[in-house]
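Written out below as structure tokens is the structure these notes cover.
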Amino acid sequence: MPNYKRPTTIEDMDKFIDDKTRVIIVAIENYRYDKISRVRHALNDAEAFKELVINDFNVKPENVKTFFDKYATKTALEDELIYEIRNLKSDDRFIFYYAGHGFYGDGTNKLTAWDTSDTNFSETTLTLRDILINPLKESDCNKSLIFLDTCSKYLSEEIVSRDAISNIDEKELAYLISQSEYCATYISCSPGEKSYSDENLQHGIWTYHLLEALRGNEKELLKEDKYITDTSLRDYLRRSVPSFISENTDIKDSQTPYAKVDTANSFIIHEIHPPENEEETETDFPSLEISSGRVRLLNRNAVSVKEASGYKSSHWPPDKVSASGEQFIRNAFEEDTSDEIQTVYQNTKEILGLRRKAIKKEIDIEGGVIENDIFNYELTVSQNNEYPAYAQFERELTINDLSQVSPEFDDVFEIKLKSLMVDCNVSEDDYEDIVEQFENLADSENGKVIDDDRNLTIKYTSVDGMVLFLNFNEKKIYITTKRNYRIHDFIERTELLINSISKNEFSF
């Protein structure tokens, strides 16, 4: 067993209250110059990592800074990283996550920025020594975690000056470890390998397993059933990523994560709070009566307009939110949205056995609809309000006949739907009692309750990361999950969760 320190290290590394942890997250999925290849799912990875540090590590949201795509310029990152690190105090913890292209060149490890140029590669990239290693060495902070989902192999296939590019060099990272008491660096692949993503996961494979580990979903890496240490995380990633690739993908190459940790001074990264017992706890709930047999599943995601079928390199993406910008976005994605609706239509016929006259199909510039007795599916495309050069895709699936939801039902749809909504009959008079029962449930299984009587809402997070949000004004229950459940399994898991918070028998 690693020689990690117990209570003192937990105090040092895990039990930080809000203002003691600083996080910077960088993700570059779409580069400014087309010569530099896209990093698939980098934005999704980064958003999930942000959710992790806020919800699981309890980091104050304003202490989490993100730099995505065009906001991750070389100048912005250099200024912000150095400034943030210089202001760290001795009792602070610093966490850095990066998803994008990285390499070793000009005698040092480097990361790319959004505006890295293929024609001036050396001068438009970030030096890891300058932005992380030296600032951390010179700061008062001695607690840092660095996560790099990156590799050089994609770059060496794209950039002409290949001799300037090789794999991240671990000697420089080892130097950082030697300078700090509690420091570890994790990298998605070993020298000479690629860092792969997976379309089913909608994540980089390494980041997906990193997230699952840090959420406490992988019990095999826990020490004493509750501690994630620097070495147990290293060993888990090194086992799980190659195993997943071998068993679940057609990838023939290898990807073996590696990490630089101080094995002589192993420390605790995070403490998981599992249920003290598995027995069902008796609760005395006011009735959470479900008022409709229908279930709605939701998905929202942002996609760069550069990925649209109708986008051409001569186009200039919109730089502000406007009616013309939205029209540009919708025109660019018109073929993609039409193809998605047509695919759902064809799959409905083939998988569910419906005939043409039993299916209503509509397609227009704003999206499309598929309706039938079993389900209604609506796709809407608009301009993203935060990133003007991105489309906002919203998908809503309403299931009218749950008896038809077999495991194969998922294959009708190309996109995973990770939020579920049902209508419920709740009374404002029961608010205090229901909050209390959620609190009792949280005590019994180490869940978490956030109640807001100003808006009459209750948010409950179970130990396995599923979130139930109850809105008394809307009379709706929203369920979200971090895992990629199939629809059939998601509904079953939702039923179990609602059963666990209501004494009444519940069935969809």
Side-chain angles (χ1 to χ4, degrees), residues 25-47 50 65-80 98-102 110-126 150 154-155 157-161 197 202 299-341 363-368 379-395 414-415:
I25 302 172
V26 180
I28 311 168
E29 183 163 334
N30 307 284
Y31 285 81
R32 179 178 182 178
Y33 300 103
D34 294 338
K35 191 68 176 178
I36 301 180
S37 59
R38 173 194 175 204
V39 180
R40 298 186 67 83
H41 306 307
L43 293 176
N44 198 30
D45 288 343
E47 288 285 7
K50 177 183 177 181
K65 296 185 178 181
T66 61
F67 298 85
F68 295 165
D69 276 6
K70 72 175 184 179
Y71 299 99
T73 64
K74 181 175 184 289
T75 300
L77 292 176
E78 285 177 333
D79 291 347
E80 190 62 34
Y98 176 89
H101 292 307
K110 291 192 171 187
L111 302 176
T112 54
W114 171 77
D115 51 352
T116 292
S117 170
D118 59 289
T119 60
N120 187 18
F121 210 54
S122 296
E123 298 300 321
T124 57
T125 48
L126 299 153
T150 183
Y154 288 107
L155 279 176
E157 294 171 354
E158 299 280 344
I159 305 301
V160 175
S161 56
S197 61
Q202 294 288 295
N299 170 278
R300 295 182 177 90
N301 69 309
V303 181
S304 170
V305 72
K306 291 183 178 181
E307 297 183 42
S309 296
Y311 178 80
K312 298 177 182 175
S313 57
S314 59
H315 289 165
W316 191 256
D319 58 3
K320 61 182 179 180
V321 176
S322 64
S324 60
E326 182 154 89
Q327 189 65 31
F328 179 91
I329 293 285
R330 285 173 169 168
N331 287 337
F333 280 99
E334 184 174 10
E335 181 179 345
D336 303 282
T337 55
S338 177
D339 287 347
E340 180 174 334
I341 293 299
I363 301 174
D364 58 33
I365 191 68
E366 298 180 7
L379 168 65
T380 304
V381 183
S382 59
Q383 187 179 25
N384 185 279
N385 288 328
E386 186 173 357
Y387 302 106
Y390 281 69
Q392 180 73 19
F393 280 80
E394 298 194 8
R395 298 170 176 87
E414 295 181 316
I415 304 297

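These numbers come from a predicted model, not from an experiment.
- Note that the NZ atom of K110 and the OG1 atom of T125 stand 3.5 Å from one another [nearest 0.5 Å].
- Taking both residues in full, the closest heavy atoms of A42 and A27 are given as O-CB, 3.6 Å, listed atom of the first, atom of the second, then distance.
- Residues K70 and Y387 fail the side-chain proximity criterion, which asks for heavy atoms closer than 4.5 Å.
- At least one side-chain heavy atom of Y31 sits under 4.5 Å from a side-chain heavy atom of V39.
- By the side chain to side chain donor-acceptor pair (under 3.5 Å) test, E307 is found to be paired with R38, residues two or more places apart in sequence or in another chain being considered.
- Identified under the salt bridge (Lys or Arg N to Asp or Glu O under 4.0 Å) test for residues 327-338, with sequence neighbours left out: E326-R330, R330-E366.
- Side chains of T112 and I36 form no contact here, defined as non-hydrogen atoms less than 4.5 Å apart.
- The backbone N or O of S382 lies less than 3.5 Å from no partner atom in the side chain of Q392, so there is not a single donor-acceptor pair.
- Contact annotation: the side chain of F333 approaches that of V305 to within less than 4.5 Å [non-hydrogen atoms, C-beta and beyond].
- Proximity of I28 to F67: side-chain heavy atoms (C-beta onward) are nowhere separated by under 4.5 Å.
- Note that CG of N301 and CD of E394 are 9.5 Å apart. Values are rounded to the nearest 0.5 Å.
- Atom-to-atom distance recorded for T337:OG1 and I365:CD1 is 7.0 Å, nearest 0.5 angstrom.
- In this structure, the side chain of N44 engages the main chain of Q202 through a donor-acceptor pair within 3.5 Å.
- Here the closest non-hydrogen pair linking A113 and L126 is CB-CD1, 4.2 Å.
- Contact record, L43 with E29: N-OE1, 3.0 Å, taken as the closest heavy-atom pair.
- Atoms CG and NZ, from D115 and K74 in turn, are 8.5 Å apart once rounded to the nearest 0.5 Å.
- Among all heavy-atom pairs drawn from H101 and Y98, the shortest one is O-OH, 3.0 Å.
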Please output the side-chain donor-acceptor pairs of residues 312-323 that fall under 3.5 Å, not counting sequence neighbours, one pair per line with the distance.
| unit_1 | atom_1 | unit_2 | atom_2 | d |
| --- | --- | --- | --- | --- |
| H315 | ND1 | K312 | N | 3.2 |
| S322 | OG | S324 | OG | 3.1 |
| S322 | OG | G325 | N | 3.0 |

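- Here the closest heavy-atom approach between residue A391 and residue I329 is recorded as CB-CG2, 3.4 Å.
- In this structure, the side chains of L379 and I341 come closer than 4.5 Å at one or more pairs of heavy atoms.
- In this structure, CD in E340 is found 10.5 Å from CD1 in I363, a value given to the nearest 0.5 Å.
- With rounding to the nearest 0.5 angstrom, the OH atom of Y311 is 5.0 Å from the NZ atom of K306.
- Side-chain contact between T119 and Y33 is absent, with no heavy-atom pair separated by less than 4.5 Å.
- Scanning both residues, V26 and A72, for their nearest heavy atoms gives CG1-CB, 4.1 Å.
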